[in-house]
2 protein chains.
Amino acid sequence: MKSAEAQHVFRALADPTRRAIFEELVRKGERTVHALTANAGVSQPAVSKHLTVLKRAKLVGNRREGRENHYCARPEALAPAAAWMKDFGAFWNERFDRLEAVLEGMEK
Amino acid sequence: MKSAEAQHVFRALADPTRRAIFEELVRKGERTVHALTANAGVSQPAVSKHLTVLKRAKLVGNRREGRENHYCARPEALAPAAAWMKDFGAFWNERFDRLEAVLEGMEK
DNA sequence: CCAAACCATAACCATACGGTTATGCGTTGT
DNA sequence: ACAACGCATAACCGTATGGTTATGGTTTGG
């Protein structure tokens, strides 16, 4: 099922440091681990571990280039969580019917 | 900031048992702790603790009636998480700009 | 009135989690 | 060649988390 993916996404987003890393990748685009560590407020190994969790949720991708590892955000991976909100967020359904079509496009 | 609320919501949704409880409340409406325990797959105290977490995130409300405690879903509380997705889900913004205006109505 | 029902809290336990420092391995500049 | 860099992994640690059983306080049915 898709809810299995949603689990990884929700779990990944539950940590503020992880969200901050994801946010930086969304705003600034591709980033090396070194660059991310500078703003993360935690050690480099901690950043690496967070990136592993984000990658498991498919929220980030990486591109190895020599000794550098470039990570980028994959916001499409939010889709499972968004789909869950669609199904169980009555508020969402009421006011954002248009979203339905959007999410269907995402499924495939 | 609103992100503080988003933290509680994301944290609450990170656990599958908690999501299941929320789902049941959304689908079946108001429910007692006893009724929720029947389908939760965990003990009654566990359900009570999950409900406490959900309540902290304002995802549920409760109404004491004699010895029974009736809980109900408050899907509006998903809004902070939805807003976060709006801000950092570039995929959505790109292809579904219309969503932005709608979400702004949500903020207030 | 008294036993049973409903629920929350307490006390406890194993494990997961987020963080650290230490290390090691490939890569790169000089 | 080799020192320095970039990153991941290992080893470790304190605390949070999710679960359990035990308990106790109201409330209710008979």
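In the text below, chain A, chain B and the rest are named by the order of the sequence lines, each starting its count at 1.
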Could you go through nucleotides 28-30 of chain D and list every protein N or O atom that sits under 3.5 Å from one of its N or O atoms, giving the distance for each pair?
none

Nearest heavy-atom approach of A:Thr37 to A:Ser43 is CG2-C, 4.1 Å

Would a single hydrophobic cluster contain both B:Leu59 and B:Val26, if residues Ile, Leu, Val, Met, Phe, Trp and Tyr are joined by side-chain heavy-atom contacts under 4.5 Å? yes

Measure from the side-chain N and O atoms of B:Gln7 to the backbone N and O of A:Ala14, and report whether any donor-acceptor pair falls under 3.5 Å. yes

Phosphate oxygens OP1/OP2 of C:dC6: is one of them under 4.0 Å from a side-chain N or O of B:Ser48? no

Below 4.0 Å: OP1/OP2 of C:dC17 and any side-chain N or O of A:Arg11: yes

Distance in angstrom units between B:Asp15 CG and C:dT15 P, rounded: 18 Å

Run the side-chain contact (heavy atoms from CB on, under 4.5 Å) test on A:Val47 and A:Val42 for me, step by step, so that the C-alpha distance in whole Å, both residues' side-chain angles and the decisive distance to 0.1 Å come before the verdict. CA-CA 7 Å; A:Val47 172; A:Val42 294; 4.0 Å; yes

Using whole Å, report how far NE2 of A:His50 lies from P of C:dC17. 12 Å

Separation of A:Arg18 atom CZ from C:dA16 atom P, in whole Å? 15 Å

With a non-hydrogen cut-off below 4.0 angstrom, is A:Thr52 in contact with a base, only sugar-phosphate, or nothing? nothing

Rounded to the nearest Å, what distance is computed from the CD1 atom of residue A:Ile21 to the P atom of nucleotide D:dC7? 13 Å

If you find the nucleotide of DNA chain C closest to B:Ala35 and the one closest to A:Val42, which residue's nucleotide is nearer the 5' end? B:Ala35

Nearest-Å distance for atom pair CZ/P, residues B:Arg56 and D:dT17: 9 Å

Measure from CZ on A:Arg64 to P on D:dG6 and round the result to the nearest Å. 12 Å

Identify which nucleotide among D:dG19, D:dG18, C:dC7 has an atom closest to any side-chain atom of B:Lys49, counting heavy atoms from C-beta outward. D:dG19

When rounded to whole Å, the CZ to C1' distance for the pair A:Arg63 and D:dG6 reads 15 Å

Are B:Tyr71 and C:dC6 close enough that a side-chain N or O sits under 4.0 Å from OP1 or OP2? no

Donor-acceptor under 3.5 Å (B:Arg31 side chain, B:Leu25 main chain): no

Do the side-chain N or O atoms of A:Ser43 get closer than 4.0 angstrom to the phosphate oxygens (OP1, OP2) of C:dG19? no

Closest to the A:His34 side chain: C:dT20, D:dG6, C:dC6? D:dG6

Closest-nucleotide 5' rank along DNA chain C - winner of A:Glu68 and B:Gln44: B:Gln44

Nearest-Å distance for atom pair CG/C1', residues A:Leu54 and D:dA8: 16 Å

Taking the six-membered ring for Trp, are B:Phe10 and B:Trp84 parallel (under 30°), tilted (30 to 60°) or perpendicular (over 60°)? perpendicular

Under 3.5 Å: donor-acceptor pair, side chain of B:Arg18, backbone of B:Leu13: no

